[in-house]
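Inspection log for the structure reproduced underneath, given as structure tokens.
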Amino acid sequence: MINQPLMVPEIVTAVALLVFFAAIKVQTGYTGMGYLILAHSAFCIPFAYLPIRARLQGMDLSLEQAAADLYATPVMVFRRVTLPQLWPGILAGAMLAFIISLDDVVITEFVKSAGQDTLPTYMLGQLRRVVTPEVNAISTVLLAVSVVMVIAFFFLSRSRK
Amino acid sequence: MKKTLLTSAISAVIATSAFAEGELNIFNWGNYTNPDLITKFEKEFDVKVTITDFDSNDTALAKIKAGGHGFDIVVPSGTYIPIFVGEGLLMEAKPNEMENFKHMDPQWVDVAFDPGRNYSVPWQWGTVGVTVNTSVYSGDINTAAVIFDPPEELKGKINVVPEMNDVMGLAIHYVGGETCTGDKEILKKVRDPLVKAKKDWLSMDYGNIEKFAKGDLSAGVNWNGASFRTRIENADIAFGYPQTGYPVWMDNAAILSDAKNVDNAKAFLNFIMDPENAALISSFARYANGIVGSDAFMPEDMKTAPEIVVPEELKATANIAETCPPEVSRIYTQIWTELQK
């Protein structure tokens with residue numbers, strides 16, 4: 001159920017969200033960023049969830065039990081034992097969700113309200129009229145940023161050993 | 001808990017009502033609105049304008065049909081205006097009763113999709129023709145044979161813009177049919193040459209200005225404005241009007257029936273019928289507009305460009321694009337799908 005956005009075609013999700021938010025907009029009159037944020041959060045959940053789940057499965061449960069044995073409250077167990085082990089998974093999930101959200105065109109195109117544009121929808125809108133070299137510049141920058149990040153993480157993970 | 005809910009609900013309501021003062025939300029094609037035009041309108045009427053992009057008439061129609069969109073003005077193509085009107089999505093704003101209506105070019109007042117102009121105002125109009133690099137091919141360019149039956153020197157360097165209605169219009173007239181014909185015989189005569197000609201085509205892309213400028217492409221189906229911009233990069237490029245019949249399209253601005261800022265929207269429609277502002281619109285995307293008197297304000301190179309001002313001897317074979325009935329559209333889509341395989 002959580003992984004539904006992965007299985008359902010994107011256009012189906014987009015139109016479903018459009019109809020749902022349209023009904024809410026008519027009721028409340030609120031047109032703002034909230035819908036876009038909600039929509040993106042919704043379909044990014046499986047992408048964030050899967051790395052975290054994988055990390056959880058690989059984690060050692062006995063550490064938590066040991067901490068509880070040593071008089072740690074559940075909150076402290078989570079903060080001091082679980083979270084430090086989990087944070088690479090959370091970080092991976094966050095980055096994956098960010099990338100999927102940055103990349104998404106179809107859902108954003110349908111859900112966006114007046115005055116809202118994301119980078120992909122802006123680029124799509126240019127397609128039939130003028131495509132400025134801006135687009136090439138943006139693509140180069142994105143590529144450069146991803147290369148830099150991969151190199152940075154490579155060196156970071158090496159030093160941790 | 002209840003208190004925070006209540007206060008947040010109240011603040012949301014207050015926020016939205018403050019939001020709606022002096023606003024205008026335009027839903028237009030991407031990169032199609034001159035920022036200078038918007039600044040001018042904002043200053044003159046003290047209104048905050050937002051522009052949201054759409055990439056196709058179908059997306060615009062789907063979004064507006066769903067409701068709750070928050071837009072006031074939409075700029076669809078003329079062929080879609082009857083569809084919008086039929087669904088009750090456009091307000092009968094009566095531009096023909098507005099102050100600046102007298103500037104509208106008479107040939108664009110009684111159009112098939114909006115007779116007498118009760119709903120819409122022309123935004124820009126253009127033609128579909130062939131762009132040819134005259135240094136590669138020096139024959140007659142005012143014919144669709146350049147694309148559908150290409151000469152040797154152009155084979156393998158042709159691009160066709162993947163805009164179904166425009167290319168189908170061109171092809172149907174090339175074999176002698178009428179716009180929006182459902183005649184199966186004619187359509188067979190359209191499909192076979194199209195599929196055969198595809199082998200000589202290099203690509204079916206939109207963004208082709210740089211490719212023409214550099215010489216990767218030598219010919220192609222193109223819009224006149226795009227061709228004009230290409231000629232600025234490479235002076236060998238010429239635009240031809242196929243004499244068997246070339247499609248003419250027009251994008252029009254209209255007010256949506258559930259628009260929230262009706263007064264600002266009407267002011268905007270009146271605003272763009274002013275010759276100086278129409279010229280601003282044209283100078284941005286480089287297409288002609290439907291307002292008389294805007295020539296005085298147009299940029300120099302657009303006043304005499306053969307792409308913008310159709311030469312007299314080639315004018316006769318223009319075909320204004322029409323809204324085809326659904327069954328006919330379905331057949332065209334089938335032919336188009338087969339072509340794109």
Side-chain angles (χ1 to χ4, degrees), chain A residues 9-40 103-140, chain B residues 9 12-13 15-17 19-20 23-33 48-57 59-60 62-73 77 124 126 161-163 166 205-210 223 225-226 229 251 256 258-261 284-287:
Chain A
E10 217 180 331
I11 185 85
V12 173
T13 319
V15 175
L17 283 171
L18 172 67
V19 173
F20 178 58
F21 287 148
I24 297 185
K25 274 185 215 180
V26 169
Q27 291 283 339
T28 63
Y30 169 71
T31 50
M33 284 270 279
Y35 298 117
L36 214 47
I37 296 176
L38 203 59
H40 276 241
D103 167 59
D104 174 68
V105 182
V106 183
I107 297 185
T108 318
E109 186 74 35
F110 279 90
V111 172
K112 69 181 184 189
S113 308
Q116 293 169 358
D117 252 332
T118 60
L119 182 64
T121 60
Y122 173 73
M123 287 162 75
L124 182 67
Q126 286 197 341
L127 195 59
R128 295 206 184 182
R129 296 290 181 251
V130 193
V131 181
T132 58
E134 242 179 13
V135 166
N136 300 33
I138 293 173
S139 317
T140 317
Chain B
V13 170
T16 46
S17 49
F19 216 48
E23 260 212 336
L24 184 65
N25 300 303
I26 302 180
F27 199 30
N28 201 346
W29 295 85
N31 216 346
Y32 208 37
T33 318
K48 187 166 117 45
V49 178
T50 66
I51 302 183
T52 314
D53 296 344
F54 61 81
D55 64 298
S56 78
N57 287 305
T59 316
K63 279 202 76 151
I64 293 180
K65 260 176 90 163
H69 45 81
F71 301 120
D72 304 306
I73 291 197
S77 299
Q124 286 183 69
V161 166
E163 192 64 45
D166 295 333
D205 283 327
Y206 284 109
N208 46 37
I209 295 181
E210 300 89 41
W223 293 299
R229 271 179 261 122
D251 292 329
L256 291 162
D258 50 357
K260 298 221 180 59
N261 303 295
F284 187 69
R286 305 260 152 187
Y287 286 98

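Chain letters run A, B, ... following the sequence lines, proteins first, then strands; residues in each count from 1. Values below: all heavy atoms of this structure, side chains included; hydrogens, waters and symmetry mates excluded. Remember, it's a predicted structure, so these values are computed and weren't measured experimentally.
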Is the side chain of Lys63(B) donor-acceptor paired with the backbone N or O of Leu18(A) at a distance under 3.5 Å, no angle test?
no
If you tally heavy-atom pairs under 4.5 Å against chain A, which of Val49(B), Asp205(B), Asp55(B), Thr50(B) wins?
Asp55(B)
CD-OG1 distance between Glu109(A) and Thr59(B), expressed to the nearest 0.5 angstrom
5.5 Å
So which part of Val15(A) gets closer than 4.5 Å to some heavy atom of chain B, the side chain, the backbone, both or neither?
neither
Nearest-0.5 Å distance that lies between atom NZ in Lys112(A) and atom CZ in Phe54(B)
10.0 Å
What pair of heavy atoms forms the shortest contact from Ala22(A) to Gly67(B), and how long is it?
CB-O, 3.1 Å
The single option from Asp117(A), Thr121(A), Leu124(A) passing side chain to side chain contact (heavy atoms under 4.5 Å, CB included) against Asp53(B):
Asp117(A)
